[in-house]
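Written out below as structure tokens is the structure these notes cover.
Note that these values count all heavy atoms, side chains included, but never hydrogens, waters or copies made by symmetry. Keep in mind it's a predicted model, so treat the numbers as computed, not measured. By convention in this document, chain letters (A, B, ...) are assigned in the order of the sequence lines, proteins followed by strands, and residues within each chain are numbered from 1.
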Number of protein chains: 2
Amino acid sequence: MPGRTQKKLVDSAPQRILADFKVGVDNVIFSVDTDQNRLLVLLVMRHEEPCIGQWSLPGTLVRQGESLEDAAYRVLSEKIRVENLYLEQLYTFGGPDRDPREASTSYGVRYLSVSHFALVRYVEAELIADGVSGIAWYPMHQVPKLAFDHNQILEYGYRRLRNKLEYSPVAFEVLPELFTLNDLYQLYTTVLGDNFSDYSNFRSRLLKLGFLQDTGVKVSRGAGRPATLYRFDANAFAPFKDKPLVFI
Amino acid sequence: MPGRTQKKLVDSAPQRILADFKVGVDNVIFSVDTDQNRLLVLLVMRHEEPCIGQWSLPGTLVRQGESLEDAAYRVLSEKIRVENLYLEQLYTFGGPDRDPREASTSYGVRYLSVSHFALVRYVEAELIADGVSGIAWYPMHQVPKLAFDHNQILEYGYRRLRNKLEYSPVAFEVLPELFTLNDLYQLYTTVLGDNFSDYSNFRSRLLKLGFLQDTGVKVSRGAGRPATLYRFDANAFAPFKDKPLVFI
DNA sequence: TCAAAAGTGTTGTTGTTACACCCATGC
DNA sequence: GCATGGGTGTAACAACAACACTTTTGA
């Protein structure tokens with residue numbers, strides 16, 4: 001198989017042998033710890049070669065008959081039990097030599113990573129400790145050097161998260177059914193930084209839009225005046241789909 | 001190989017055989033014909049199985065040693081000669097059974113499509129007629145039924161194009177070095193529809209931002225007062241990166 | 001001189017920002 | 001009663017939309 005062994009050669013005549021791929025799915029799974037105002041990302045310790053002993057994004061290889069999205073959900077459900085989540089595709093990283101396995105095998109199988117981005121409810125997300133330790137929520141700003149190109153993927157996911165918050169109602173996927181306006185505000189400040197908007201302005205802007213239902217119910221959290229609980233009304237939000245910057 | 005032949009069975013014991021993939025790259029290539037106010041997309045006629053005789057997005061399979069981006073540029077350069085272009089990755093479509101070739105082969109090879117989105121200069125883009133006919137610019141709103149899931153990919157690309165226009169300076173990749181404000185405005189209206197903004201407001205908004213250099217040169221196009229030629233100043237634009245809705 | 005295209009200005013309305021202030025509760 | 005967090009109001013300012021108007025050209 002001459003073409004295969006010559007894959008590193010820079011040849012004027014293009015070599016036309018198709019690459020064979022295994023396709024992986026790597027998930028950037030975020031959650032927000034509103035109590036401590038921290039944005040968290042789920043990391044797992046690798047117990048297999050390659051990159052054994054390094055932290056990485058949870059991932060898996062796609063199986064026969066399985067769609068990319070299915071695979072992404074499978075990784076997620078193997079690592080955490082969670083009721084509410086948001087998931088979407090992020091980006092596909094697929095240059096040659098991004099995975100050490102490519103070099104080690106002489107058959108030239110390439111590894112491609114279709115990364116996904118997920119947001120889950122922190123309070124209800126229960127980590128599945130699979131015997132050995134090695135799965136943890138890391139604060140976004142204390143993430144170590146990760147395996148493969150996972151730091152790059154994480155950066156990409158973080159950017160997407162911030163954008164999503166600005167124009168889409170992802171936040172409500174991850175808040176409880178009933179929430180206070182302060183819960184919502186905290187979520188935004190922990191992700192976007194607390195200089196994005198004044199609380200009272202954030203408040204009146206969102207209420208004016210009219211997709212937050214006042215439930216009338218009040219809840220008291222320690223000292224101070226009790227807060228009103230709101231519910232997100234997806235129908236009332238519909239007209240704002242595709243409109244940019246709804247939340248900022 | 002029991003697992004392979006049973007891939008359609010819904011089994012309680014998950015089958016764990018990894019899928020083997022060929023990876024394709026499909027390009028949504030846009031250009032704007034400012035003379036006729038039309039948004040165009042490049043389509044090619046398929047001359048091979050599967051889907052022979054149908055129009056499709058130009059695409060190819062990724063070769064050994066070739067990155068996804070390389071493959072995307074290769075497709076492009078095989079179809080058109082062009083100096084200035086913008087290209088970015090769009091989305092990866094990879095469900096099982098999206099490609100008829102998957103069914104026809106018994107070895108269960110899957111076909112995955114990493115779609116890309118490109119914008120080229122219409123006036124300088126020269127189509128490469130490869131003997132047989134079968135490559136053409138189609139007005140976006142007259143696109144026929146395409147092969148595979150390419151209509152879906154195209155829709156996705158169109159949405160991305162409109163978003164890009166709103167917050168990023170892609171337009172200048174596709175305008176000549178020197179252009180009039182009307183050229184710019186025409187480009188925006190043909191893509192976004194002509195109800196997106198009044199010309200004079202568009203004009204003053206952009207000029208106030210300060211990243212359009214007045215060259216002092218005037219150009220006369222038929223009747224009417226001659227227009228000033230402007231140049232895009234990438235440095236002056238830098239502060240607006242990451243800021244949403246610069247252009248609207 | 002007139003139509004056509006470029007470019008400027010004006011005005012009412014809306015949104016944003018940065019606050020000051022009032023309200024209801026626990027301790 | 002006072003600290004604490006929830007909630008309302010407002011005034012200065014910036015942005016936006018609609019449209020009238022002026023300028024400079026070719027025919």
Check whether the side chains of Q213(B) and D233(B) place a donor and an acceptor atom closer than 3.5 Å, and report yes or no.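 Yes - a donor-acceptor pair under 3.5 Å links their side chains.
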Rounded to whole Å, how long is the line connecting atom [atom1] of [X] with atom [atom2] of [N]?
{"X": "R221(A)", "N": "dA3(D)", "atom1": "CZ", "atom2": "P", "result": "24 Å"}
{"X": "Q186(B)", "N": "dA5(C)", "atom1": "CD", "atom2": "P", "result": "10 Å"}
{"X": "F247(B)", "N": "dC16(D)", "atom1": "CZ", "atom2": "P", "result": "14 Å"}
{"X": "F202(A)", "N": "dA18(C)", "atom1": "CZ", "atom2": "P", "result": "16 Å"}
{"X": "L209(A)", "N": "dT14(C)", "atom1": "CG", "atom2": "C1'", "result": "14 Å"}
{"X": "D214(B)", "N": "dA6(C)", "atom1": "CG", "atom2": "P", "result": "15 Å"}

Whether over 12 other heavy atoms sit under 6.0 Å from K243(B) NZ: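 No - once you tally the heavy atoms of other residues, nucleotides and ligands closer than 6.0 Å, there are 12 at most.
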Take E177(B) and R231(B) through the test salt bridge (Lys or Arg N to Asp or Glu O under 4.0 Å) and record every step on the way to the result. CA-CA 6 Å; E177(B) 154 108 40; R231(B) 174 188 287 117; 2.9 Å; yes
Yes or no on side-chain hydrogen bond (donor to acceptor under 3.5 Å, both in side chains) for S197(A) and R205(A), after CA distance, side-chain angles and deciding distance? CA-CA 11 Å; S197(A) 174; R205(A) 185 152 19 87; 3.2 Å; yes
Please check if the side chain of D33(A) supplies one atom and the backbone of Q36(A) the other of a donor-acceptor pair under 3.5 Å.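 Side chain of D33(A) to backbone of Q36(A): a pair is present.
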Determine yes or no for a side-chain-to-main-chain donor-acceptor pair under 3.5 angstrom, with N163(A) supplying the side chain and R160(A) the backbone.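 Not confirmed, N163(A) side chain does not pair with R160(A) backbone.
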Classify the ring geometry of F202(A) against Y188(A): parallel below 30°, tilted from 30° to 60°, perpendicular beyond 60°.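 Ring orientation of F202(A) relative to Y188(A): tilted.
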Secondary structure of DNA chain C in dot-bracket form (Watson-Crick or G-U wobble, distances below 3.5 Å, | marking inter-strand pairs): |||||||||||||||||||||||||||
Derivation of the side-chain hydrogen bond (donor to acceptor under 3.5 Å, both in side chains) call for Y86(A) and E88(A): CA-CA 7 Å; Y86(A) 174 85; E88(A) 71 171 32; 2.5 Å; yes
Base versus backbone protein contacts along nucleotides 7-14 of chain D [heavy-atom cut-off under 4.0 Å; B, S, -]: SBB-----
5'-most contact on DNA chain D: G222(B) or I248(B), nearest heavy atom basis? I248(B)
